[in-house]
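Data first, discussion second: the structure below is written as structure tokens.
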Amino acid sequence: MIIVTGGAGFIGANFVLDWLAQSEESVLTLDKLTYAGNLANLASLAGDTRHQFVQGDIQDRALLDVLLARHRPRAIVHFAAESHVDRSIHGPEAFLQTNILGTFHLLEAARAYHATLTGEARDAFRFLHVSTDEVYGSLDATAPAFTEHHPYEPNSPYSASKAASDHLVRAWHHTYGLPVLTTNCSNNYGPLQFPEKLIPLMIHNALAGLDLPVYGDGANVRDWLHVSDHCTAIRAVLAEGALGETYNIGGNAEMKNLDVVHTLCDLLDELRPRADQISYRTQIRFVTDRPGHDRRYAIDATHIARTLGWQPQHTFTSGLRQTVQWYLDHQAWVQEVTSGAYRQWTDMNYGGRVAGAMGTGAAGLPTPESGMATPGAPA
Ligand code: NAD
Ligand code: DAU
């Protein structure tokens, strides 16, 4: 069996569901169920004896030791993290606790467990650490995409904490011989993503008649990958990856944020037009930029393509259409996760940002008509 940390979150849940759809090998999901963890994401596994869920914190070393001794996994796939850059700006401590100390405790527990293994079980064991392209920092418009050899230059509390965790994983391999694998992936999108991240936030706000808050000039670039392609890549690395290696994973889909938001509006205009027949684009507002906002990420995924034969299957066009349709079909899921706590978050993150209506002023600058907008508040 395998242990998946953070398996009630966006990517972790997609991974667990994909895994059990393709394999008879059991999964134990360990998740603290923070605001981002949602057992409803795994509801389709109810009654499936191949899956067990344990609510717990990766910083709880005693719990980790019991789970490893009892279940004797052949791998740990480590997704658990605080994952949202904006939240890391408002409150970095939880990021240092979970992403750095949590990873440290998991590594130590894995090291102690690995030391008890012999023969084939010892040779087969893997610790796969799921990380991000944000550890490499920001690229200029024409700079080549990140390879695995790009220097680490994290710029946000989130990316600094993930960079620290990557270094710990590397050190536990070199110093203690723990059989680790690390993946650094670009921006994911798809079903089950919490609507604090760009794509589900824009879909949620558009349908709710709220402002669509674009940070700065909207020209920041992200490299988008459908979550199911990320899951396929992780399975490939787990199966065939070379010990101690890092694999960059990306979708060859660089997009400016404003282009992503325009595309989303156009898809919604087609699939769920507003009652007044006016385009959702009119809800776009430029708001004060994210502090330290990285300008561009781009992944060079040549290494994983050449060594493991992995390629993304979704284009951004097809993947985004499928994702918009998923959110339209799962409005009850969205309602459930956009609870009172969620509304507090949107008030805190967006309440102080000055909004400028699309087309009425220079990007990012306030316009006299628009005043202060609070995208999380009812229209
Ligand atoms: P998410 O925020 O949706 O889910 C994180 C999960 O971890 C939640 O279920 C949460 O309850 C759980 N968790 C948090 N703290 C925990 C703790 N202390 N102990 C146990 N569980 C805890 O995140 P996501 O977007 O699914 O990202 C998963 C992983 O992938 C993260 O490590 C993230 O850095 C990485 N990553 C994400 C993206 C992306 O675009 N979302 C891209 C590349 C890499
Ligand atoms: O690159 C991988 C990373 O992608 C992951 O490691 C992170 O866990 C994940 O959250 C994501 O980070 P980003 O900061 O790139 O994602 P986010 O969806 O928050 O923002 C995407 C872009 O959209 C970014 O340039 C900021 C912008 N944005 C975001 C929000 C929430 C807006 O313009 N308005 C918004 O309201």
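Order of appearance sets the numbers: ligands from 1, and atoms from 1 within every ligand.
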Between ligand 1 and the protein, which N/O pairs are shorter than 3.5 Å?
unit_1: ligand 1; atom_1: 2 (O); unit_2: S83; atom_2: OG; d: 2.7
unit_1: ligand 1; atom_1: 3 (O); unit_2: F10; atom_2: N; d: 3.1
unit_1: ligand 1; atom_1: 9 (O); unit_2: G9; atom_2: N; d: 2.9
unit_1: ligand 1; atom_1: 9 (O); unit_2: D31; atom_2: OD1; d: 3.2
unit_1: ligand 1; atom_1: 9 (O); unit_2: D31; atom_2: OD2; d: 2.6
unit_1: ligand 1; atom_1: 11 (O); unit_2: D31; atom_2: OD1; d: 2.6
unit_1: ligand 1; atom_1: 11 (O); unit_2: L33; atom_2: N; d: 3.4
unit_1: ligand 1; atom_1: 11 (O); unit_2: T34; atom_2: N; d: 3.0
unit_1: ligand 1; atom_1: 11 (O); unit_2: T34; atom_2: OG1; d: 3.1
unit_1: ligand 1; atom_1: 18 (N); unit_2: D57; atom_2: OD1; d: 2.9
unit_1: ligand 1; atom_1: 18 (N); unit_2: T98; atom_2: OG1; d: 3.0
unit_1: ligand 1; atom_1: 19 (N); unit_2: I58; atom_2: N; d: 3.0
unit_1: ligand 1; atom_1: 21 (N); unit_2: K32; atom_2: N; d: 3.0
unit_1: ligand 1; atom_1: 23 (O); unit_2: S83; atom_2: OG; d: 3.2
unit_1: ligand 1; atom_1: 26 (O); unit_2: F10; atom_2: N; d: 3.4
unit_1: ligand 1; atom_1: 26 (O); unit_2: I11; atom_2: N; d: 2.8
unit_1: ligand 1; atom_1: 32 (O); unit_2: F79; atom_2: O; d: 2.9
unit_1: ligand 1; atom_1: 32 (O); unit_2: K162; atom_2: NZ; d: 2.7
unit_1: ligand 1; atom_1: 34 (O); unit_2: Y158; atom_2: OH; d: 2.6
unit_1: ligand 1; atom_1: 34 (O); unit_2: K162; atom_2: NZ; d: 3.1
unit_1: ligand 1; atom_1: 40 (O); unit_2: N188; atom_2: N; d: 2.9

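- In this structure, E25 does not pair ionically with R50, as no charged nitrogen and carboxylate oxygen lie closer than 4.0 Å.
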Practice problem: Start with the C-alpha gap between Y176 and H114, add the side-chain angles, then the distance that decides, and say whether ring-ring contact (aromatic ring centres under 6.0 Å, His included) holds. | Solution: CA-CA 10 Å; Y176 303 116; H114 185 238; over 10 Å; no
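- Annotation: ligand 2 has protein neighbours S83, H84, V85, D86, T132, D133, E134, Y158, C185, S186, N187, E196, K197, L198, L201, P213, V214, Y215, N220, R222, N257, R290, H293, Y297, Y350, each with a heavy atom less than 4.0 angstrom from the ligand.
- Residues D140 and T142 have side chains that never bring a donor and an acceptor to within less than 3.5 angstrom of each other.
- Of the N and O atoms on the side chains of S279 and D269, at least one donor lies less than 3.5 Å from an acceptor on the other residue.
- Cation-pi contact between R222 and Y297: present, with separation from the ring centre below 6.0 Å and deviation from the ring axis of at most 45°.
- If you check the side chains of S228 and H226, you find a donor sitting under 3.5 Å from an acceptor.
- Listed by chain and number, the residues in a side chain to side chain donor-acceptor pair (under 3.5 Å) with E196 are Y35, R87 (sequence neighbours excluded).
- With hydrogens and angles ignored, the 3.5 Å screen pairs a side-chain donor or acceptor of E148 with a backbone N or O of N248.
- Partners of R126 by salt bridge (Lys or Arg N to Asp or Glu O under 4.0 Å), not counting sequence neighbours: none found.
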